4 protein chains.
Amino acid sequence: MARPRSEDKRQAILQAATRLFAEEGLNAPTARIARTAGVAEGTLFTYFASKDELLNKLYLELKGQLRSAMGPPVRGGLREQVRHAWTTYVAWGVDHPRERQVLAWLGLSDRILDATRTEGFQAFCDVSRLLEAGMAKGVLRDQPPAFVGSLMAAMADTTMDYINRDPAAAEATREAAFAAFWNAITHG
Amino acid sequence: MARPRSEDKRQAILQAATRLFAEEGLNAPTARIARTAGVAEGTLFTYFASKDELLNKLYLELKGQLRSAMGPPVRGGLREQVRHAWTTYVAWGVDHPRERQVLAWLGLSDRILDATRTEGFQAFCDVSRLLEAGMAKGVLRDQPPAFVGSLMAAMADTTMDYINRDPAAAEATREAAFAAFWNAITHG
Amino acid sequence: MARPRSEDKRQAILQAATRLFAEEGLNAPTARIARTAGVAEGTLFTYFASKDELLNKLYLELKGQLRSAMGPPVRGGLREQVRHAWTTYVAWGVDHPRERQVLAWLGLSDRILDATRTEGFQAFCDVSRLLEAGMAKGVLRDQPPAFVGSLMAAMADTTMDYINRDPAAAEATREAAFAAFWNAITHG
Amino acid sequence: MARPRSEDKRQAILQAATRLFAEEGLNAPTARIARTAGVAEGTLFTYFASKDELLNKLYLELKGQLRSAMGPPVRGGLREQVRHAWTTYVAWGVDHPRERQVLAWLGLSDRILDATRTEGFQAFCDVSRLLEAGMAKGVLRDQPPAFVGSLMAAMADTTMDYINRDPAAAEATREAAFAAFWNAITHG
DNA sequence: AATGAATGAGCCTTCATTCAT
DNA sequence: AATGAATGAAGGCTCATTCAT
């Protein structure tokens, strides 16, 4: 019967947080985030009980955005499927530098709970399974499957950094790096 | 701000900073760092003009420690030389979890100046040159040389994470990951 | 601010306030009081224009409860009548620790208006008159009549504290204290 | 070697707190207390780690002031000694209305620790012993000794209230009330 | 040089009250 | 009338840095 909570405002806060965190680090004050989002300072806390909760929810939000950007599985051979994952992953990072930056910081922050990390990982299970298949005969065949996922993330992140330094060469860099990654996991 | 007198104290402060940053993040207060180092709050600022300077100096210190741990170049073929770099790098990270953690945070912090990053990179030139040679015929041959250095760091870091989760398998993990890395950069 | 519709809700709010004030002090938030009472945050302000009004109304409510608990005048000699007042007063306090606690806090709070205090006192006029008769020949005979009322309240309150510490001795404590009180006001 | 902590400042803070608490209740902001004391907001927290600690220390300070004002034991009979305690107690309260008010609020606040209360009571042991002697043959003879101490405090407090309302009659009121108190505890 | 008290801007969060629904 | 989201002024406390000793 009362004014319902507005998904718009929630999103506005998350976006404002993304922008300010990217610009000033995770220490950006909640007051400024709220103002940027166009809501009162107190309103932020009706949507997120604390700054830590905002951080955790933002982590999930960004992970979700990334996952969405990677789209559904594609047809084709294993290599093609992995290549698709790689390409879309890198594309997201290059197209969303702020989101990528913030996600990186959040990932390293001790304010993100383990439960949050686990939950954030869920959406990537299918990608994970793809990689598992890819590594089956490679040098990493006896390693934990998640290892390859982490390697891919690490290599893709490095790739994005270099694409950002030389955007003109984006495609070449991305492809070369994918080749390197594929070499890394599939060769015996 | 004046020339500090005691190298011991300087080192004590850097060590205390490492410990506290590892435990509490880069927001650990200077007051606590000073106390942990056994000096007065104000004394810290005799050795480092500001917290930012402490951060930058600590970055260089840790990069230096890492480089020292990797030792001088070894004899042998290219692969052996790179393998040595990889192994000693990973060993340092595994043996110095706090230093590694803090170095990672510092590397992502916007409080570390570009000049500092550049300076920190100097000591790794020879390693870089090694990698350049390694990548000469691989899929990355047309990429900026530093790219491979960054890839190695990224892959090695990921490797350390997994070694920390399963220390018993340290050697196997390290070797498999090296093989993957070598595959990544050398295959055509 | 408008005329509230449900006496039940009004009572629920007063009861919730009593409980929360007893547990957390007069700073207990109105939001929690409302929730405890089973009404919405804003509804509380339909029944009480402000927190201060709630405080003042609660003061009167509790004074009223106490007065009710003391019942109508009893037959008997002066001493018997005063003893009855004493006994019922103490019994209420012992039986309603929360109400007593909150009433004490409210009595000391500067948020309770003088008008409220005066109004709260009205109901005790008959008791007052009793005490006036009792003190007529005692050492306090020349003091303001209300003084004795206050003394009785103070001594009875102290008595309740000690009964609460040793409930088994309740009756003995209550009687001894009454004897002391009677001594205090009646002896010349 | 550094600037020593200043007892003056500590006292200034306690005095400012007393004044503001008396005027605005225990919720008076630390910022205003600091300003009133003539120190920076942060300085307050070098002298008292938290507002709660300030509260507890102030409680002890005021209890101590009261005890000091009551002076050392006097010669004379039991009644004379108790009368002296009573008189000096009442005099302090009348002369220090703010201190009395604040002490009363602190005593009822749940922010004062039990340990603090206990410690505050220590200084009054000798007075306690006096009262024990006084009650030996009275109606309260079988009650816990502290009971009489609490009764005295309660009756004296009430007395102060009435003296404040009619300061001209201070001496008469004080003496009459003492007579009543003495009656209360000594009569059989 | 060393010490640690002093400073005050800034931060996260709470909460009484208002108001759209 | 009832609801609960929205508001923004405080409030307690922290902390990098300065400065008296």
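Remember, it's a predicted structure, so these values are computed and weren't measured experimentally.
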Please check the phosphate of E:dA1 (OP1 and OP2 only) for any side-chain N or O of B:Thr46 closer than 4.0 Å. no
Among F:dG11, F:dA10, F:dA6, the nucleotide that comes nearest once only the side chain of D:Pro29 is considered: F:dG11
For F:dG4, what is the paired nucleotide under Watson-Crick or G-U wobble rules, both distances under 3.5 Å? E:dC19
Nearest-nucleotide 5' precedence on DNA chain F, A:Ala40 against C:Gly42: C:Gly42
Calculate the interatomic distance between C:Phe48 atom CZ and E:dT17 atom C1'; express it in whole Å. 16 Å
Tell me which nucleotide among F:dA16, E:dT7, F:dA10 gets nearest to the side chain of A:Glu41. F:dA10
Does D:Asp52 come within less than 4.0 Å of D:Lys57, counting only side-chain N to carboxylate O? no
Between P of F:dA1 and CD1 of C:Ile13, the distance in whole Å: 13 Å
Salt bridge or not between D:Arg19 and D:Glu23? Use side-chain N to carboxylate O under 4.0 Å. yes
Nearest nucleotide by nearest heavy atom, which residue falls closer to the 5' end of DNA chain E, D:Ser6 or A:Ala49? D:Ser6
Between C1' on F:dA9 and CZ on A:Phe45, what's the gap in Å once rounded to a whole number? 14 Å
Which nucleotide in F:dC19, E:dT13, E:dA20 has an atom nearest any side-chain atom of A:Lys51: E:dT13
CG (D:Leu106) and OG1 (D:Thr18) are apart, to the nearest 0.5 Å, by 8.5 Å
Can you tell me if A:Asp110 uses its side chain to pair, donor with acceptor, with the backbone of B:Glu24 under 3.5 Å? no
Donor + acceptor pair across side chains of D:Glu7, D:Gln11 (<3.5 Å): yes
Once you round it to whole Å, what is the distance between C1' of F:dA1 and CG of C:Asp8? 15 Å
Please give, in whole Å, the distance from E:dC15 C1' to C:Leu20 CG? 14 Å
Paired nucleotide for F:dC13 [Watson-Crick or G-U wobble; both distances under 3.5 Å]: E:dG10
What's the NZ-P distance between D:Lys9 and F:dA20, to the nearest Å? 11 Å
Side-chain N or O of A:Arg5 closer than 4.0 Å to phosphate OP1/OP2 of F:dA5: yes
From CG of C:Leu54 across to P of E:dC15 the rounded distance in Å is 15 Å
Can you see if the side chain of B:Thr30 gets near the phosphate of F:dC15 - specifically, an N or O under 4.0 Å from OP1 or OP2? no
Taking the minimum atom-to-atom distance to the side chain of D:Arg3, which one of E:dT13, F:dT14, E:dA5 wins? E:dA5
Residue D:Arg35 excluded, over 12 heavy atoms near CZ under 6.0 Å: no
DNA chain E: 5'-proximal contact among D:Pro4 and A:Ala28 (nearest heavy atom): D:Pro4
Would you kindly compare C:Gly38 and D:Ser50 by the position of their nearest DNA chain F nucleotide and give the one closer to the 5′ end? C:Gly38
What is the distance, rounded to the nearest whole Å, between atom OH of D:Tyr47 and atom P of E:dA5? 8 Å
